[in-house]
Amino acid sequence: MSGHVKVVVVGAGPSGTYVAGELLSRSPVPCTVDVLDRDLTPWGLVRSGVAPDHPKIKSVTRVFDRIAGREGFAFWGGVKVGSDVTHDDLTRHFDVVVYATGAEVDRRLGVPGEELPGVMGAGTFVGWYNGRVAEAGLVPALDGERAVVVGNGNVAMDCARMLLAPRG
Ligand SMILES: Cc1cc2nc3c(=O)[nH]c(=O)nc-3n(C[C@H](O)[C@H](O)[C@H](O)COP(=O)(O)OP(=O)(O)OC[C@H]3O[C@@H](n4cnc5c(N)ncnc54)[C@H](O)[C@@H]3O)c2cc1C
């Protein structure tokens with residue numbers, strides 16, 4: 001180990017960013033923190049999940065911006081661990097590897113019909129209405145009269161609210 005500890009955090013969502021912030025402000029030994037994300041932009045689901053009509057919740061990104069401004073912090077977007085770089089690549093170049101990758105994909109239910117066109121997981125749909133690059137090619141059929149949301153949690157309510165929002 002050289003004069004300082006080199007940490008890499010995989011995932012630039014709230015978990016990864018707070019880890020970076022705590023390390024940079026409280027670590028008893030000097031450290032640098034490189035944060036990687038498969039997305040080109042940081043802040044995970046706060047950017048690509050939380051509904052656009054909840055700006056107060058999204059405003060937590062101001063805290064993240066302050067963390068990103070600290071000396072020793074670096075963000076690398078568009079780097080997917082598992083395809084662009086491997087875990088072994090990371091252990092070769094860093095002293096510590098932290099995984100903060102959240103819920104990577106929508107969970108499949110395994111029910112007949114979920115593979116049909118027009119059926120998608122909420123992660124895909126909320127990514128689309130938040131402008132996530134990975135969902136740029138999605139064309140949800142919004143010209144029908146009825147949509148069905150399976151589930152009844154806060155994400156389901158976000159999706160229902162967005163579907164009912166006036167266009168414009
Ligand atoms: C639609 C929706 C609405 C929500 N609304 C609220 C709300 O109103 N209030 C609230 O408090 N919470 C809300 N949440 C929950 C909140 O967004 C999550 O709890 C929080 O983002 C989880 O943080 P995280 O860092 O663990 O994961 P994430 O935010 O998912 O961040 C993980 C990051 O890891 C990256 N990643 C994954 N795999 C790889 C890989 N192999 N290589 C590189 N990078 C990778 C991802 O791209 C992502 O940026 C909402 C979530 C959703 C989906």
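Whatever order the structure lists them in is the order used to number ligands and atoms, beginning at 1.
When only modelled atom types and interatomic distance are considered, Asp37 and Trp76 share no side-chain donor-acceptor pair under 3.5 Å. Remark: the Asp39 side chain and the Ser48 side chain contain no N/O donor-acceptor pair separated by less than 3.5 Å.
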Once you restrict both partners to nitrogen or oxygen, which atoms of ligand 1 have a protein partner under 3.5 Å, and how far apart are they?
from, atom 1, to, atom 2, distance (Å)
ligand 1, 25 (O), Pro14, N, 3.2
ligand 1, 25 (O), Ser15, N, 2.9
ligand 1, 25 (O), Ser15, OG, 3.1
ligand 1, 26 (O), Ser15, OG, 2.7
ligand 1, 29 (O), Leu45, N, 2.8
ligand 1, 38 (N), Glu104, OE2, 2.9
ligand 1, 41 (N), Val81, O, 3.0
ligand 1, 41 (N), Glu104, OE2, 3.2
ligand 1, 42 (N), Val81, N, 3.0
ligand 1, 44 (N), Arg38, N, 3.1
ligand 1, 47 (O), Asp37, OD1, 2.7
ligand 1, 47 (O), Arg38, NE, 2.9
ligand 1, 49 (O), Asp37, OD1, 3.2
ligand 1, 49 (O), Asp37, OD2, 2.6

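Across Asp88, Asp89, Asp95, a single residue satisfies salt bridge (Lys or Arg N to Asp or Glu O under 4.0 Å) together with Arg92, and that is Asp89.
A donor-acceptor contact shorter than 3.5 Å links the side chain of Glu114 to the backbone of Val111.
Of the charged side-chain nitrogens involved, none lies within less than 4.0 Å of a carboxylate oxygen, so that Arg62 and Asp65 do not count as a salt-bridged pair.
His93 is not listed as a side-chain neighbour of Lys6, based on a closest heavy-atom distance of 4.5 Å or more.
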